[in-house]
Novice: 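Below is the structure I would like to discuss, written out as structure tokens.
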Amino acid sequence: MRDPRYDILFQPLGVGPLTAKNRFYQVPHCNGGGYRDPSAAAAMRGVKAEGGWGVIFTEQTEMHHTSEITPFIELRLWEDKDIPSIAKMAAAMKTHGALAGIQLAYSGINGPNMYTKEVPLAPSALPIRTFTNDPVQARAMDKTDIRNLRRWFVNAARRSKLAGFDLICLYGAHGFGIFQHFLSRATNQRGDEYGGSLENRSRFAREVIADMREAVGDTMALTLRVSLDETIGDLGFSNAEVRDFVSMNAELPDLWDLAMGTWEDCSGPSRFKEEAAQEAWVTGIRDLSPRPVVGVGRFTSPDVMARMIKSGRLDFIGCARPSIADPFLPRKIDEGRVEDIRECIGCNICITGDMTQGMGRCTQNPTWMEEWRRGWHPEKIATKGESQTVLVIGSGPAGLEAARAAAMRGYDVALAEARPDFGGRVARERLLPGLSAWGRVADYRLFQLKQRPNVQMYPGSRLTADEVMEFGFQHVCVATGSHWRADGVARQHVVPMPVDAMMPVLTPDDLMEGRLPAGKVVIFDDDHYYMGGVLAELCARQGCEVTLVTPSAFVSDWTANTLEQASIHRRLVSLGVRIVLNTGLVAIHAGEVETNCSYTNQRARIGCDSVVMVASRRSDDAVYLALKSREADWADAGIRSVKVIGDAAAPAPIAWATFAGHRYARELDAPDWGDALPFRREVTRLED
Ligand code: ADP
Ligand code: SF4
């Protein structure tokens with residue numbers, strides 16, 4: 001039964017002409033699928049409806065072809081032809097009484113139009129502002145352009161209604177939507193009645209909302225999403241101006257949707273942003289308008305959610321990432337199963353689907369974006385096949401998820417872990433600076449495993465192939481992980497680099513085991529994800545004099561995809577870490593390292609007492625290989641299958657490991673895929 005403390009989260013609330021059944025509001029979020037994989041994206045939203053969300057939004061929907069953000073894959077509503085695919089999403093959202101929302105985006109100064117080749121239009125003529133600094137500028141809109149754009153918004157609203165949506169969110173946050181571009185003096189430098197005073201800069205939003213209200217407002221609710229502060233100082237749309245804007249236009253939208261700054265500010269990872277990080281920015285805004293307010297802040301705790309509403313800060317709890325990690329979050333609170341919530345860890349791997357134009361992944365929820373492709377449901381799984389017993393070796397993210405999902409299917413699962421503690425890499429990485437929330441990967445799974453009578457757990461059990469052959473489990477899942485290499489093999493060096501034995505060379509594993517360097521340390525980062533930057537932070541906090549050397553042009557280069565690269569660089573600078581970019585290591589000598597410029601090969605030397613090598617990892621696959629070499633004996637030992645998964649198969653981020661574990665369990669006792677594609681795929685229909 002529901003804890004009465006959370007009743008407030010389940011009170012219905014009106015939004016314009018409609019009523020939301022509760023306060024759980026899935027704000028728009030990208031997923032990598034978008035227009036390329038519309039059925040996959042629709043099914044993903046449908047699972048959220050089943051999970052109890054009161055309001056569910058699409059991702060950003062490009063509402064006119066004169067403004068698009070290629071290469072990023074969102075939704076498109078350019079012509080009537082686009083209606084069926086988004087209608088499929090609206091229908092999925094509405095299956096359990098949720099309101100279906102569409103976010104209409106005109107990207108203005110943020111849309112380079114690489115696909116349509118149209119000249120971008122924006123309030124003022126400035127270079128396009130994108131992640132990729134595209135060499136394109138926008139033309140300043142004249143009055144005819146503004147009239148046209150108002151009409152295009154009405155056209156998009158009508159199409160949204162035809163597609164079955166209940167709410168329209170007008171995007172003016174994160175620097176991405178044209179409403180912000182008009183509101184901010186940084187991007188609106190006009191001298192006419194659309195520029196200058198806040199009254200004038202608000203004109204465009206007022207006109208569009210009035211037009212749309214006339215067209216669809218009798219049945220649809222109109223929301224406006226703005227950033228709480230543009231975070232570029234006084235020139236931008238500041239928090240003070242946001243408050244003035246809301247006061248001046250108190251009844252303009254049917255709901256205020258308050259995001260934060262840039263996308264990086266709003267969706268900051270847990271390493272840099274706590275839960276409810278926007279509280280101070282949002283406090284008091286609700287008192288300025290009679291309209292309800294939704295805000296975000298990676299909310300996973302029902303107590304924090306209830307407090308946000310009781311204290312009058314928010315009316316709706318906006319969630320993107322928490323709804324990805326656990327689409328059933330509202331239902332679990334409603335059913336009094338708070339401890340079953342799969343809490344978002346704030347790693348931002350979900351965002352990499354969009355940033356890389358891959359398919360969305362979630363570290364905590366391996367079924368995300370596989371609801372349609374593979375028929376995976378986050379809470380339901382087929383009961384087991386004909387066999388009965390599974391041995392999982394290794395309790396990292398891969399092994400824990402394999403064991404959890406296999407146990408849910410009804411297999412008798414034994415989980416053996418060499419170390420005294422469960423959790424594998426997560427048990428150690430959670431102790432690194434800023435990564436404590438990552439421990440939730442293990443916490444959630446260990447709690448679930450401990451509830452199951454069909455799971456036996458064996459800590460402190462380093463298994464050998466001989467033992468495994470003797471035990472006679474029908475299925476053996478080898479999830480024994482990996483270790484960081486000390487020999488420098490990664491990208492610059494594909495064979496070991498010359499290392500003088502007089503120089504102490506430490507790996508990330510050494511540091512995580514507590515073997516910390518002292519004095520002057522060079523961290524060589526040829527991995528490029530978070531580890532190099534995190535260890536630089538760790539060493540600097542321990543009082544070392546740290547130089548981080550990387551062949552890349554950026555510190556922790558790949559974290560641009562998790563929206564934290566700039567934050568990492570800033571933090572390292574603030575800790576006094578010396579950052580040496582575009583530079584490799586050719587050799588490690590006694591007392592110094594020899595570097596080379598990535599472009600010119602020019603050599604230099606940096607004196608140090610030790611080197612931390614953040615290169616690549618080697619799979620710990622010895623048990624698997626030993627078992628594989630005895631395949632002929634498996635049948636006699638009662639073994640039907642032996643598989644290697646996760647980092648033991650090929651090292652990758654944690655999300656890859658939970659995915660591998662989940663897939664392993666799903667495919668137990670299933671026929672081999674053979675040469676077939678193991679998921680459904682949407683193939684574009686050819687025009688006549
Ligand atoms: P992944 O990310 O693939 O889950 P991890 O490195 O996080 O990999 O976890 C692997 C786990 O397997 C570690 O906790 C390690 O101690 C454990 N392990 C490695 N070899 C054995 C073994 N032979 N028997 C039992 N556990 C093992
Ligand atoms: Fe949260 Fe990470 Fe999942 Fe994104 S990928 S929803 S940040 S756990």
Side-chain angles (χ1 to χ4, degrees), residues 29-32 267-271 273 275 298 300 319-327 329 342-354 360-369 378 391-403 414-430 437-438 440-442 444-445 457-468 476-484 509 512 561-564 617-624 626-627 644-661 664:
H29 68 72
C30 60
N31 50 72
S267 298
S270 54
R271 189 171 163 193
K273 295 255 190 311
E275 181 170 7
R298 214 179 61 254
T300 60
C319 294
R321 290 169 292 173
S323 77
I324 293 171
D326 198 339
L329 192 152
R342 201 167 39 244
E343 285 184 286
C344 167
I345 70 165
C347 61
N348 282 3
I349 280 290
C350 46
I351 289 165
T352 68
D354 189 47
R361 286 181 184 264
C362 170
T363 301
Q364 279 286 59
N365 175 11
T367 69
W368 189 54
M369 293 310 287
L391 170 65
V392 178
I393 311 175
S395 71
L400 285 176
E401 177 62 16
L415 176 63
E417 166 56 52
R419 300 172 67 105
D421 56 333
F422 294 106
R425 59 183 290 189
V426 165
R428 284 179 292 289
E429 290 186 31
R430 72 187 304 171
W438 292 23
R440 293 170 174 183
V441 172
Y444 163 73
R445 291 175 172 81
M457 299 180 49
Y458 302 97
S461 307
R462 178 173 295 280
L463 300 188
T464 62
D466 285 343
E467 288 168 325
V468 174
V476 180
C477 172
V478 184
T480 44
S482 63
H483 274 87
W484 289 91
D509 293 313
M512 286 189 277
N561 296 312
T562 48
L563 305 184
E564 58 192 320
R617 287 177 284 157
R618 210 195 290 273
S619 291
D620 292 334
D621 53 5
V623 173
Y624 172 71
L627 287 168
V644 61
I645 66 164
D647 292 336
I654 297 167
W656 277 241
T658 51
F659 176 83
Y664 172 82

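Just follow the structure's listing: the first ligand is 1, and inside any ligand the first atom is 1. Note that the coordinates shown come from a computational prediction; the quantities given were computed from them, not determined experimentally.
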Novice: Give the residue, atom name and distance (to 0.1 Å) of the protein heavy atom nearest atom 7 (O) of ligand 1.
Specialist: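 Scanning the protein heavy atoms, the shortest distance from atom 7 (O) of ligand 1 goes to Arg425 N, 2.7 Å.
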Novice: Give the atom numbers and elements of ligand 1 that come within less than 4.0 Å of a heavy atom of Ala416.
Specialist: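 Ligand 1 atoms under the 4.0 Å threshold to Ala416: 25 (C), 26 (N).
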Novice: Say whether, by atom type as modelled, one donor and one acceptor occur between the side chain of Asp647 and the main chain of Ala652 under 3.5 angstrom.
Specialist: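 Yes: the side chain of Asp647 pairs with the backbone of Ala652.
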Novice: I need the atoms of ligand 2 closer than 4.0 Å to a non-hydrogen atom of Thr363, numbered in the order shown.
Specialist: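 Near Thr363, the atoms of ligand 2 are 3 (Fe), 5 (S).
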Novice: Starting from atom 2 (Fe) of ligand 2, locate the nearest protein heavy atom and write down its residue, its atom name and how far away it is, to 0.1 Å.
Specialist: Cys347 SG, 2.3 Å
Novice: Quick one, Ile654 with Trp438, criterion side-chain contact (heavy atoms from CB on, under 4.5 Å). Give me CA distance, side-chain angles, the key distance, then yes/no.
Specialist: CA-CA 10 Å; Ile654 297 167; Trp438 292 23; 3.7 Å; yes
Novice: Can you tell which of Ala398, Ser461, Ser395 gets a heavy atom nearest to atom 25 (C) of ligand 1?
Specialist: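 Comparing heavy atoms across Ala398, Ser461, Ser395, the nearest one to atom 25 (C) of ligand 1 lies in Ser461.
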Novice: Which residue from Ser267, Cys350, Gly360 reaches closest to atom 5 (S) of ligand 2 through any of its heavy atoms?
Specialist: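 Minimum heavy-atom distance to atom 5 (S) of ligand 2 goes to Cys350.
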Novice: What residue and atom, counting heavy atoms only, is the protein's closest point to atom 27 (C) of ligand 1, and at what distance?
Specialist: Ala418 CB, 3.7 Å
Novice: What is the closest protein heavy atom to atom 16 (O) of ligand 1, and at what distance does it sit?
Specialist: Glu417 OE2, 2.6 Å
Novice: Just jot down the ligand 1 atoms closer than 4.0 angstrom to any heavy atom of Arg419, in number order.
Specialist: 16 (O)
Novice: Are Asp326 and Glu343 side-chain neighbours, meaning at least one heavy-atom pair lies under 4.5 Å?
Specialist: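 No, side chains not in contact.
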Novice: For ligand 1, does Asp647 get within less than 4.0 Å through its side chain, its backbone, both, or neither, judged by non-hydrogen atoms?
Specialist: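 For Asp647, the contact with ligand 1 is made by both the backbone and the side chain.
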Novice: Within the distance-only criterion (no hydrogens, no angle test), does the side chain of Thr480 pair as donor or acceptor with the backbone N or O of Gly394 below 3.5 angstrom?
Specialist: no
Novice: Which protein heavy atom lies closest to atom 6 (S) of ligand 2, and at what distance to 0.1 Å?
Specialist: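 Its nearest protein heavy-atom neighbour is Arg321 O, 3.3 Å.
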Novice: Where do Pro269 and Arg298 come nearest, in terms of heavy atoms and distance?
Specialist: C-NH1, 4.1 Å
Novice: What protein heavy atom sits nearest atom 3 (Fe) of ligand 2, and how far away is it?
Specialist: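 Among all protein heavy atoms, the one nearest atom 3 (Fe) of ligand 2 is Cys362 SG, 2.3 Å.
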Novice: Counting distance only, does the side-chain N/O of Ser270 pair as donor-acceptor with the main-chain N or O of Ile345 below 3.5 Å?
Specialist: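 Judged by distance alone, yes, a pair lies under 3.5 Å.
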Novice: Heavy-atom distances under 4.0 Å are what count here, so tell me which part of Ala657 touches ligand 1: side chain, backbone, both or neither.
Specialist: side chain
Novice: Kindly give the heavy-atom pair with the smallest separation between Cys347 and Glu564, and that separation in Å.
Specialist: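 Where Cys347 meets Glu564 most closely, the heavy atoms are O-OE2, 4.3 Å.
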Novice: Determine whether a donor-acceptor pair (N or O, by modelled atom type, separation under 3.5 Å) exists between the side chain of Thr658 and the backbone of Thr363.
Specialist: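 Judged by distance alone, yes, a pair lies under 3.5 Å.
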Novice: As an exercise, identify every atom of ligand 1 less than 4.0 angstrom from a heavy atom of Gly646.
Specialist: 3 (O)
Novice: Which protein heavy atom lies closest to atom 8 (S) of ligand 2, and at what distance to 0.1 Å?
Specialist: Ile345 N, 3.4 Å
Novice: Provide the number and element of each atom of ligand 1 under 4.0 Å from a heavy atom of Gly481.
Specialist: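 So the answer, numbered in order with elements, is 5 (P), 6 (O), 8 (O), 10 (C).
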Novice: Whether the side chain of Asn348 engages the backbone of Ser267 through a donor-acceptor N/O pair (distance < 3.5 Å, no angle test) should be reported.
Specialist: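 Such a contact is found between Asn348 side chain and Ser267 backbone.
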Novice: What protein heavy atom sits nearest atom 1 (Fe) of ligand 2, and how far off is it?
Specialist: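 Result: Cys344 SG, 2.4 Å.
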Novice: Kindly identify the option in Thr658, Val392, Ile393, Asp620 whose heavy atom sits closest to atom 22 (C) of ligand 1.
Specialist: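 The nearest heavy atom belongs to Ile393.
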Novice: Examine distances only and state if a side-chain atom of Asn31 and a backbone atom of Gly360 form a donor-acceptor pair shorter than 3.5 Å.
Specialist: no
Novice: Report the member of Pro651, Gly460, Ala479, Gly394 with the shortest heavy-atom distance to atom 10 (C) of ligand 1.
Specialist: Ala479
Novice: Using the rule given for side-chain contact (heavy atoms from CB on, under 4.5 Å), can you reason through Met512 versus Glu429, listing the C-alpha separation, both sets of side-chain angles and the distance that settles it, and then say yes or no?
Specialist: CA-CA 7 Å; Met512 286 189 277; Glu429 290 186 31; 3.6 Å; yes
Novice: Is a side-chain donor-acceptor pair under 3.5 Å present for Asp466 with Thr464?
Specialist: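 There is no such pair between these side chains.
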Novice: Which ligand 1 atoms, with their elements, are less than 4.0 angstrom from a heavy-atom of Gly424?
Specialist: 7 (O), 9 (O), 13 (C), 14 (O)
Novice: Can you pull out the closest protein heavy atom to atom 20 (N) of ligand 1? Residue, atom name and distance to 0.1 Å, please.
Specialist: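 Here the closest protein heavy atom is Thr480 CG2, 3.3 Å.
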Novice: Give a yes or no on whether the backbone of Gly423 and the side-chain of Ser395 come within a donor-acceptor separation of less than 3.5 Å.
Specialist: yes
Novice: What's the verdict on side-chain contact (heavy atoms from CB on, under 4.5 Å) for Arg342 and Gln364, showing C-alpha distance, side-chain angles and the deciding distance?
Specialist: CA-CA 7 Å; Arg342 201 167 39 244; Gln364 279 286 59; 4.1 Å; yes
Novice: Please could you name the atoms of ligand 1 that Val623 approaches to less than 4.0 Å, counting only its heavy atoms?
Specialist: 23 (N)
Novice: For atom 7 (S) of ligand 2, find the nearest protein heavy atom and state the residue, atom name and distance (0.1 Å precision).
Specialist: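 It is Asn348 N, 3.1 Å.
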Novice: Numbering the atoms of ligand 2 from 1, which are under 4.0 Å from a heavy atom of Gly346?
Specialist: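 Once the distances to Gly346 are compared, the set is 1 (Fe), 7 (S).
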Novice: Suppose we measure from atom 23 (N) of ligand 1 to each protein heavy atom; which comes out shortest, and what is that distance?
Specialist: Leu463 O, 3.0 Å
Novice: Walk me through whether Arg617 and His483 qualify under side-chain contact (heavy atoms from CB on, under 4.5 Å).
Specialist: CA-CA 5 Å; Arg617 287 177 284 157; His483 274 87; over 6 Å; no
